[in-house]
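Here is the structure we will look at.
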Amino acid sequence: MGKVFDVQAARNDFPALTQRDAKGQPIVYLDNAATTQKPQKVLDALMDFYTRYNANVHRGYYEWGQRATEAYENTRKRLANLIGAADPQEIIFTRGATEACNALAEIIGQRYFQPDDEIILSELEHHANQIPWQMQQTKRGVRVKGWHVKEDGELDLSQLDSLLTAKTKLLTVTHVSNVIGTVPPLREIIRRAHANGTLVVIDAAQALAHLPINVQTLDCDFLVGSGHKMYGPMGSGFFYGKRALLETLPPYHGGGTMMETVTIDSFTPAAIPARFEAGTPPVADIIGLGAAIDYLQQFSWKSLMAHEDQVIAYAEKTLSQFPRVHVVGHPPQRTAVLSFVIDGIHPHDVASLVSDHHIALRAGYHCCQPLMHRLQYPGGVVRASFGLYNTCEEVDRLAQALEKVFTVFPL
Ligand code: PMP
């Protein structure tokens with residue numbers, strides 16, 4: 001079990017955060033939903049791989065090849081442990097959550113989708129978890145049905161039972177919304193979907209760094225994650241699938257590793273997980289992801305979540321004190337993300353003006369155009385997203401910067 005969370009000590013673990021602006025102030029990095037900073041341990045793991053045992057995995061009989069394979073496979077074990085998977089072989093590495101969603105849509109689609117089948121997509125989904133399923137419409141004649149979000153940013157559970165029909169093959173929903181921070185009641189959603197014989201894919205890209213996940217307790221069929229949003233390297237990601245299901249699914253990329261035998265006109269696919277990991281994987285990045293998981297797991301979820309909850313609650317309270325600021329959505333549980341709009345100022349101008357004060361925010365649609373249309377933010381929203389190293393003092397700096405922005409754009 002981990003030690004008590006000490007935010008100042010944690011900040012020192014991240015070299016990027018030790019930089020100062022011309023006035024000697026640290027950068028306020030509030031774009032963690034886009035990507036998190038990387039702790040020294042992760043940077044060391046990358047450097048160590050490239051300087052001491054850079055070799056391809058699963059092929060080399062020499063020492064470096066064996067070390068690389070061992071380290072790569074160790075990440076699989078750590079990930080399985082992090083998400084409570086029964087077996088590390090249920091973890092398939094990808095280059096990110098986007099690749100994971102595309103892979104799942106393709107392999108589930110090939111095996112399970114028939115013309116006129118239905119897929120339920122929540123309106124909270126990131127484009128990465130919308131478009132691959134939409135593409136299945138043209139490929140396999142399935143139909144995507146949207147699950148609406150209420151004004152407060154919650155999914156309308158009362159709609160779910162009428163959305164689920166005998167034709168619903170799959171439902172997909174995010175664990176944490178990358179715009180509102182909403183955490184849908186996944187267990188209940190999965191229970192109802194399964195009662196209808198519907199498979200469930202969870203997009204945990206925004207959840208893994210912020211809350212504990214247990215795929216067996218959730219009972220989800222598949223789950224996707226993104227390494228670079230959990231303090232790991234860009235180019236690392238994964239999907240989880242229940243073993244019994246993964247074993248029924250065909251490969252989606254052909255190449256080395258994913259085959260058992262090959263003749264000039266045919267091949268037989270390898271067992272899982274190799275079946276879905278064709279070619280050279282991002283070895284260093286996956287090893288770096290293992291270091292990121294170690295880093296995260298040194299803290300107790302309880303202390304980490306208490307800290308992040310405190311900062312986000314403080315941010316919501318602070319920003320709500322400005323009459324011109326409107327926080328987007330009011331879900332009962334908000335994790336890590338707070339979006340807002342300001343009367344009379346375009347979101348892009350807000351993000352650009354606070355950037356003059358060395359504060360990193362993001363503005364726009366956040367790859368969630370259906371959600372923006374539903375909530376009627378045609379110009380998008382400004383998003384502050386938090387990591388374990390953010391503090392209430394940083395929220396104060398954001399508030400001070402916003403006060404200056406108001407003087408540039410008086411109402
Ligand atoms: N899903 C969600 C909820 C996301 O926020 C993102 C990234 N913004 C993705 C999927 C895509 O992740 P990746 O960058 O790893 O492809």
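Whatever order the structure lists ligands and atoms in, that order sets their numbers, starting from 1. Note that the coordinates shown come from a computational prediction; the quantities given were computed from them, not determined experimentally.
- Contact atoms of ligand 1 toward H228: 13 (P), 14 (O), 15 (O) (distance under 4.0 Å to a heavy atom of the residue).
- Remark: R95 does not engage D285 in a salt bridge, criterion side-chain N to carboxylate O under 4.0 Å.
- Short contacts between ligand 1 and G96, defined as distances under 4.0 Å to a heavy atom of the residue, involve ligand atoms 15 (O).
- In this structure, the ring of F14 has its center less than 6.0 angstrom from the ring center of Y295.
- Residue contact annotation: E99 has no non-hydrogen atom under 4.0 Å from ligand 1.
- With a 4.0 Å heavy-atom cut-off, ligand 1 is reached by no atom of E125.
- Of all heavy-atom pairs spanning S226 and A205, the tightest one is CB-CB, 4.0 Å.
- Taking atom 7 (C) of ligand 1 as the reference point, the nearest protein heavy-atom neighbour is K229 NZ, 2.5 Å.
- F239 has its ring centre no less than 6.0 Å from the ring centre of F93.
- Atoms of ligand 1 found under 4.0 Å from any heavy atom of Q206, numbered from 1 in the order shown, are 3 (C), 4 (C), 5 (O).
- Separation of the H58 and Y72 ring centroids falls under the 6.0 Å cut-off.
- Under a 4.0 Å criterion applied to the non-hydrogen atoms of S226, ligand 1 contributes the atoms 13 (P), 15 (O).
- Side-chain atoms of Q40 never come within 3.5 Å of backbone atoms of D13 as a donor-acceptor pair (strictly under, hydrogens ignored).
- A donor atom on one side chain and an acceptor atom on the other are not found under 3.5 Å apart for Y377 and S339.
- At least one N or O atom of A97 sits closer than 3.5 Å to an N or O atom of ligand 1.
- The contact set between ligand 1 and N178, taken as ligand atoms under 4.0 Å from a residue heavy atom, comprises 5 (O).
- At a heavy-atom cutoff of 4.0 Å, ligand 1 is contacted by both the backbone and the side chain of T98.
- Using a cutoff of 4.0 Å between basic side-chain nitrogens and carboxylate oxygens, E123 and K150 are not scored as salt-bridged.
- The single protein non-hydrogen atom nearest to atom 4 (C) of ligand 1 is H126 CD2, 3.3 Å, given as residue, atom name and distance.
- Only the side chain of A205 comes within 4.0 Å of ligand 1, counting heavy atoms alone; its backbone N, CA, C and O stay farther away.
- The shortest distance between side-chain heavy atoms of F409 and D349 falls below 4.5 Å.
- Considering backbone and side-chain N/O atoms, D203 comes within less than 3.5 Å of an N/O atom of ligand 1.
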